[in-house]
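Shown next, in structure tokens, is the structure this report addresses.
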Amino acid sequence: MRTHQCGELRSDDIGQTVSLTGWVGRRREHGEHLAFVDLRDHTGITQCVINDDVDVRSEYVVRITGVVRARPEGTVNDSLPTGQVEVGECEVEILRKATPPPFPVDARADGVDENIRLQHRYIDLRRERMQRNLRIRSAVNAAVRKAMERQEFVEVETPMLVPSTPEGAREFLVPSRKEHGAFYALPQSPQLFKQLLMVGGVDRYYQIARCLRDEDLRADRQYEFMQLDMEMSFVGQDDVLDAVSEAVLDAAEAVTGERPGPIERMTWLEAMERFGVDKPDLRFGMELVELTDVFSATEFKAFAGAEAIKGIKVDGAAEEYGRNQLDKLTDKAKSAGAKGLVWLKCTDDGVDSPVAKFLSDDEVSAVKAAMGAETGDLILIVADAWMTTCEVLGTLRNDLGRPPVHQGPYRYVWIIEFPLFVGVDKESGRPKPGHHPFTMPHPDDVDKFDTDPMAVRSIAYDLVLNGWELGSGSIRIHEPELQQKVFTALGITAEEADRKFGFFLNPFEYGAPPHGGFAFGLDRLVAILAGEDNIREVIAFPKTQNGTDPMTNAPVEVDPRQLADLGLKVLPKID
RNA sequence: GGUCUCGUAGCUCAGUUGGUUAGAGUGCCGGCCUGUCACGCCGGAGGUCGCGGGUUCGAGUCCCGUCGGGACCGCCA
């Protein structure tokens, strides 16, 4: 139907008779016998000059045949790639009339209520931004797939109808028609199957896998999302990190044209100490500064005896933060778990602070020296349990200094050596697994299982980009003795382990190779590479924060006969 | 489950201390226009002020509830 696309024609094409297809954008009429029509497709816009009295309107789908010619002197449009030329002597074929769109099909729609864009997503997708995002996504998928194939990974598809598993995210359930009361679950990840593929001798598995989790939605979370899921046999941590790095760096290069340098590594402990989070945003400073020793002999009760005292410095912010804002910061710190927040405004001869009178001159000057503070800087200090101190300041640091996620430069970092156990389950009093219960403990820490379990590190790792967690993985336990040790530390009896995880672990008896893997979220990577701070912008048909689709109206009630078939009865909502 | 925030014309918004017939831009429809490109000029249509209740002589405006969108906390092994 067409000889060229709408973004293609250049001066070199002058004289050619061409056919273009697309949607009618803006039109500028000058009486009955001259009209300019901007014809648009996913490649761009070409101006067509129409001399007949043809009724073409916004978003009509048309085929225009005409002759490419140079624009008359003084009418060249430098803001269009095709602006040197136009198509004249046009014959217009209307392929489909259209009603006017509810919002403009151009950059002005960026400001339109997202709900309305989603209601008419098929129109929204015609826009340059959306077309670009879809194509970036496709390029990332292609690059990732190519990188995995090159590294001899085998793409294996795993089932979408799987058994419900006891741990982890809330699952979507699918009722069985054959056995009323029995349900499939939709996979929150292919975790179970990919490890069994290793037992099955596949050696290196990957899949661009759809994962489903029935948890509340966010800017970076949808019910359904895509992961590059992979697993490899007979490897250690470095092999996994290298293989994933290849895929991620290839994807970044495919989109930006520039290959990022090798991805740096940081231990979980260092990330917490310096940035107060396990997904540090390395694009800005404001690092946490250790102050515990400075106050080792302090008279100030709020500091005395605290496990950890740390501070962050906000450059030159002393003036701009009034009492009101400082109170808000304090509230923020408290809601993040701190007992309080101490602020110091640096002056020429000391500090201005409600607690200044409790601090000795030596302490004040030691703090300023440790923080590298100058007059006009604002210092925020938290004294609490080590984890709390780190986390609270990490939250404040992100609140005060973090740029939008897509703002360059890209800072990839591997966070390694996560703790094997994190915190304590409120109900059972048992330690909770940091990653999952099949994660390999760090070999140097195995003797700490009995003495100090919370200090045991694991061979688990996260990939972080600009403060967003892209994904995580681990080397898995493949020996039953070690697995038993972990279960014991988690307070899981042999009987309970068999009941909960038997279907998963029993196959290991038939010969599980040492193996490990990783999974990272493609939506998040694509969003950041596309310069978006919301993954809905890189998903063709996303859901709202409430999990609904304004276009299809899903979820919807179903016919009672369907429910009867499935042996289901809907109960009234309880408030 | 919680905190915050938004909801007025197709779209983006303004709307005074609670006071006459709720406005603008843009889009849409009609007319004029032979070199525009955010074309221009003239005219017109277009409103359940999200919904329900309350206070009041009088509510877009104040109060309560509710629905919908968004950000975040909880949650996401």
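Letters A, B, ... mirror the listed sequences (proteins, then strands); counts begin at 1. Everything numeric in this text was worked out from a predicted model, so none of it was measured.
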Base partner of [N], which must satisfy Watson-Crick or wobble distances under 3.5 Å:
N      : value
C75(B) : none
C49(B) : none
G10(B) : U26(B)
G40(B) : C32(B)
U61(B) : none
U55(B) : none
C4(B)  : G70(B)

Got a second to check how far [X]'s [atom1] is from [Y]'s [atom2], nearest 0.5 Å?
X       : Y       : atom1 : atom2 : value
H442(A) : L420(A) : NE2   : CG    : 11.5 Å
M286(A) : D399(A) : CE    : CG    : 10.0 Å
Y412(A) : L465(A) : OH    : CG    : 5.0 Å
E8(A)   : T43(A)  : CD    : OG1   : 6.0 Å

_Any N or O donor-acceptor pair under 3.5 Å from the base of G7(B) to the side chain of D113(A)?_
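No, no donor-acceptor pair under 3.5 Å.
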_So, under a plain 3.5 Å distance rule, would you say the side chain of R117(A) forms a donor-acceptor pair with the base of C11(B)?_
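Checked by distance alone, the answer is no.
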Gap in Å between the two [atom1] atoms, one belonging to [N] and one to [M], rounded:
N      : M      : atom1 : value
U66(B) : G15(B) : C1'   : 25 Å
C13(B) : C6(B)  : C1'   : 13 Å
G69(B) : G50(B) : C1'   : 11 Å
G23(B) : C49(B) : C1'   : 12 Å
C32(B) : C39(B) : C1'   : 14 Å
G54(B) : U61(B) : C1'   : 15 Å
G46(B) : G30(B) : C1'   : 14 Å
C33(B) : U8(B)  : C1'   : 36 Å

Counting any heavy atom closer than 4.0 Å, what does [X] reach on the DNA or RNA strands: base, sugar-phosphate only, or nothing?
X       : value
G83(A)  : nothing
A336(A) : nothing
R213(A) : sugar-phosphate
Q191(A) : base

*Please walk me through it: do E171(A) and T165(A) pass side-chain hydrogen bond (donor to acceptor under 3.5 Å, both in side chains)?*
CA-CA 9 Å; E171(A) 298 163 319; T165(A) 48; 3.2 Å; yes
_Within-4.5 Å side-chain heavy-atom neighbours: I535(A) and R524(A)_ =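 I535(A) reaches R524(A) side chain to side chain.
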Atom [atom1] of [X] and atom [atom2] of [N]: how far apart are they, to the nearest Å?
X       : N      : atom1 : atom2 : answer
D124(A) : G10(B) : CG    : C1'   : 16 Å
N115(A) : G69(B) : CG    : P     : 6 Å
L217(A) : G68(B) : CG    : C1'   : 15 Å
Q227(A) : C76(B) : CD    : P     : 16 Å
K328(A) : U3(B)  : NZ    : C1'   : 14 Å
E167(A) : C75(B) : CD    : P     : 15 Å
R402(A) : A71(B) : CZ    : P     : 14 Å
L118(A) : G69(B) : CG    : P     : 10 Å

Using a 4.0 Å cut-off on heavy atoms, which residues in [range] reach RNA chain B? List them by number, or say none.
range                       : answer
residues 542-550 of chain A : T544(A), Q545(A), N546(A), T548(A)
residues 490-501 of chain A : none
residues 534-541 of chain A : N534(A), R536(A)

Is the closest side-chain donor-acceptor distance between [X] and [Y] under 3.5 Å?
X       : Y       : result
Q195(A) : Q191(A) : yes
E417(A) : S458(A) : no
Q222(A) : D523(A) : no
D229(A) : Y205(A) : yes
S474(A) : R476(A) : yes

*Answer yes or no: does a side-chain N or O of R170(A) lie under 4.0 Å from OP1 or OP2 of A77(B)?*
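R170(A) to A77(B) OP1/OP2: no side-chain N or O under 4.0 Å.
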*Please determine if a side-chain N or O atom of R218(A) lies less than 4.0 Å away from the OP1 or OP2 oxygen of G74(B).*
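Answer no for this pair, as no side-chain N or O of R218(A) is under 4.0 Å from OP1 or OP2.
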*With the side chain of E215(A) defined as its heavy atoms from C-beta on, choose the nearest nucleotide among C75(B), G68(B), A77(B).*
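Looking only at heavy atoms from C-beta outward on E215(A), the closest nucleotide is C75(B).
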Would [X] and [Y] pass as an ion pair if we require N to O under 4.0 Å?
X       : Y       : answer
D327(A) : R323(A) : yes
E29(A)  : R27(A)  : yes
E537(A) : R117(A) : yes

*Set of side chain to side chain donor-acceptor pair (under 3.5 Å) partners for D549(A), sequence neighbours left out*: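 Partners of D549(A) under the side chain to side chain donor-acceptor pair (under 3.5 Å) test: T552(A).
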*Would R213(A) count as a cation-pi partner of F172(A), with NZ or CZ less than 6.0 Å from the six-membered ring centre and within 45° of the ring normal?*
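The answer is no; the distance or angle limit is not met.
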*Upstream residue (5' side of RNA chain B) when Q188(A) and G111(A) are each assigned their closest nucleotide*: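 Its nearest nucleotide lies further toward 5', so the answer is G111(A).
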*Given that E114(A) and R524(A) both sit by RNA chain B, which one's nearest nucleotide is further toward the 5' end?*
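The 5'-side residue here is E114(A).
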*Taking protein heavy atoms under 4.0 Å as touching, what does nucleotides 25-37 of chain B look like 5' to 3' if B marks base contact, S marks sugar-phosphate-only contact and - marks none?*
-SSSSS--BSBBB
Could you go through residues 78-92 of chain A and list every donor-acceptor pair under 3.5 Å that involves a side-chain atom there, pairing it with any protein atom two or more places apart or in another chain?
from   : atom 1 : to     : atom 2 : distance (Å)
S79(A) : OG     : N77(A) : OD1    : 2.6
T82(A) : OG1    : I45(A) : O      : 2.6
E86(A) : OE1    : Q47(A) : NE2    : 3.2
E86(A) : OE2    : R69(A) : NE     : 3.0
E86(A) : OE2    : R69(A) : NH2    : 3.2

